[in-house]
Amino acid sequence: MRPAEYLSFYAEHFQTVEVDSTFYACPSVQTVRNWAARTPEGFTFAVKGPQAVTHEKALAGCDAELAEFLKTIDFLGTKLGPIVFQFPFFNKSAFQDRHEFLDRLVPFLAKLPNSYKFALEIRNRTWLDAEFASLLRDRSIALVLQDRSWMPNPAELKFDPITAGWTYIRWLGDRKTIEEQTMTWDKAIIDRSAELSSWVDFCYQVRKRGVLIYAFANNHFSGHAPATIEQFRGIWQEKGFPPLNTPRPANRQPSLFPA
């Protein structure tokens, strides 16, 4: 299979994709148009916001970069889903504490156009609290829920982590531990059944609230991302929960989870 056919093949098996390349550089308009052309109606792209915004400038003086990115990514049309701002771990040389970060974040969020779905991922564990969640909820911005070694899972949080009418989950795993065992990514090498079962229960409760879920797996979660998704689907089915949507030629929902 030629690389140019990868996306179309992927879209035969999954209904949404998280685009990582947009984090490193704003794509060309032609590239974005090609993404849209090679996927069926109803397919959804979740895209990472540029690192110039979240890392290099840390929300300060980044209006031009953000405007260019939004203008370009708009060429996905109805296939554009969430835009994820993924922040690094900030040490005290960047922000003395979460309050200093919020002083930068609040005016940035206030300028975001409300015609998009935005999600926000932070990697400072102690910054996650009810106040932070409320800030996002007031603006209908989703808090990214993560499965990674140093961040809390939803069961550990002391507040409601659902901050919009939809939510965003990233099963990231432990990169260092996995890469010590494999770099081939062709099979699952770590049994994460217990963790996935817990996530299935959480997602079921979230869906009962009428919340749309965008969920993505990384190879580092268990060694092979497609196997993680299939295992999730299997556990969901074993628990007797309502059937999940699967890709079909037309009229598909933009998520693993029916609306």
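Residue numbers count from 1 along this sequence. Every value quoted in this text rests on a predicted model; they were computed, and no experiment measured them.
- Using bins of under 30°, 30° to 60° and over 60° for the plane-to-plane angle, the ring pair Phe118/Tyr116 lands in the tilted bin.
- In the hydrophobic clustering, where aliphatic and aromatic side chains (Ile, Leu, Val, Met, Phe, Trp, Tyr) are joined below 4.5 Å either directly or transitively, Phe23 groups with Tyr24.
- In this structure, Gln237 places its CD atom where only 12 or fewer heavy-atom neighbours from other residues, nucleotides or ligands lie under 6.0 Å away.
- Defined by atom type and a distance below 3.5 Å, a donor-acceptor pair is present between the side-chain atoms of Tyr214 and Lys117.
- Within a 6.0 Å sphere centred on CG of Asp138, heavy atoms belonging to other residues, nucleotides or ligands number more than 12.
- Taking each heavy atom of Leu157 and Pro152 in turn, the nearest pair found is CD2-CG, 3.6 Å.
- Side-chain atoms of Glu18 and Tyr168, non-hydrogen and from C-beta on, do get closer than 4.5 Å to each other.
- Taking 4.5 Å as the limit, some side-chain heavy atom of Leu59 sits within range of a side-chain heavy atom of Phe87.
- Here the two rings, on Phe45 and Phe43, have centers that are under 6.0 Å apart.
- Counting all heavy atoms, side chain and backbone alike, Lys48 lies closest to Thr22 at O-OG1, 2.7 Å.
- Leu172 and Phe216 fall into different hydrophobic clusters, where Ile, Leu, Val, Met, Phe, Trp and Tyr are joined by side-chain heavy atoms under 4.5 Å apart, directly or via other members.
- For the atom pair CG (Asn124) and CH2 (Trp150), the distance works out to 10.5 Å, reported to the nearest 0.5 Å.
- Between Thr163 and Leu143, the closest heavy-atom pair is OG1-N, 3.0 Å.
- Looking only at side-chain heavy atoms (C-beta outward), Ile141 and Phe85 stay at 4.5 Å or farther from each other.
- Summarising the geometry of Thr126 relative to Arg98, their closest heavy-atom pair is O-CD, 4.4 Å, with the distance given to 0.1 Å.
- For the 3.5 Å distance criterion, the side chains of Gln205 and Asp201 fail to qualify, holding no donor opposite an acceptor.
- Ile229 has its side chain within reach of Arg233: a pair of non-hydrogen atoms, C-beta onward, lies under 4.5 Å apart.
- Closest non-hydrogen pair, Phe108 versus Leu66, comes out as CE1-CD2, 3.9 Å.
- The side-chain heavy atoms of Arg207 and Ile213, taken from C-beta on, include a pair separated by under 4.5 Å.
- The closest side-chain heavy-atom distance from Ser197 to Lys239 is below 4.5 Å.
- Using a 4.0 Å cut-off between charged side-chain N and carboxylate O, Lys71 and Glu68 make no salt bridge.
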Could you go through Thr39 and Val17, starting from their C-alpha distance and side-chain angles, then the distance that decides it, and tell me whether this counts as side chain to side chain contact (heavy atoms under 4.5 Å, CB included)? CA-CA 11 Å; Thr39 50; Val17 67; over 6 Å; no
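- Shown here for Phe132 and Leu128, the closest heavy-atom pair between the two residues is CD2-CD2, 4.3 Å.
- Gln86 and Thr54 share no donor-acceptor pair across their side chains, judged by distance under 3.5 Å alone.
- For the atom pair CD (Gln51) and CD (Glu65), the distance works out to 11.5 Å, reported to the nearest 0.5 Å.
- Proximity of Phe90 to Ile122: side-chain heavy atoms (C-beta onward) are nowhere separated by under 4.5 Å.
- Between the side chains of Asp97 and His99, not a single donor N or O lies within less than 3.5 Å of an accepting N or O.
- Remark: Asp147 CG to Trp199 CH2 distance equals 6.0 Å, nearest 0.5 Å.
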Go through Trp236 and Cys203 one step at a time and tell me if the side chain to side chain contact (heavy atoms under 4.5 Å, CB included) criterion holds. CA-CA 9 Å; Trp236 183 281; Cys203 288; 3.9 Å; yes
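- Under the 4.5 Å side-chain criterion, counting only non-hydrogen atoms from C-beta, Phe202 is not in contact with Asn153.
- Remark: Arg104 is not positioned above the aromatic ring of Phe95, lacking an NZ or CZ atom under 6.0 angstrom from the ring centre and at most 45 degrees off the axis.
- The cluster map of Ile, Leu, Val, Met, Phe, Trp and Tyr, joined by side-chain heavy atoms under 4.5 Å apart, puts Val106 and Leu120 in the same cluster.
- Checked against a 6.0 Å centroid threshold, the rings of Trp171 and Phe232 count as neighbours.
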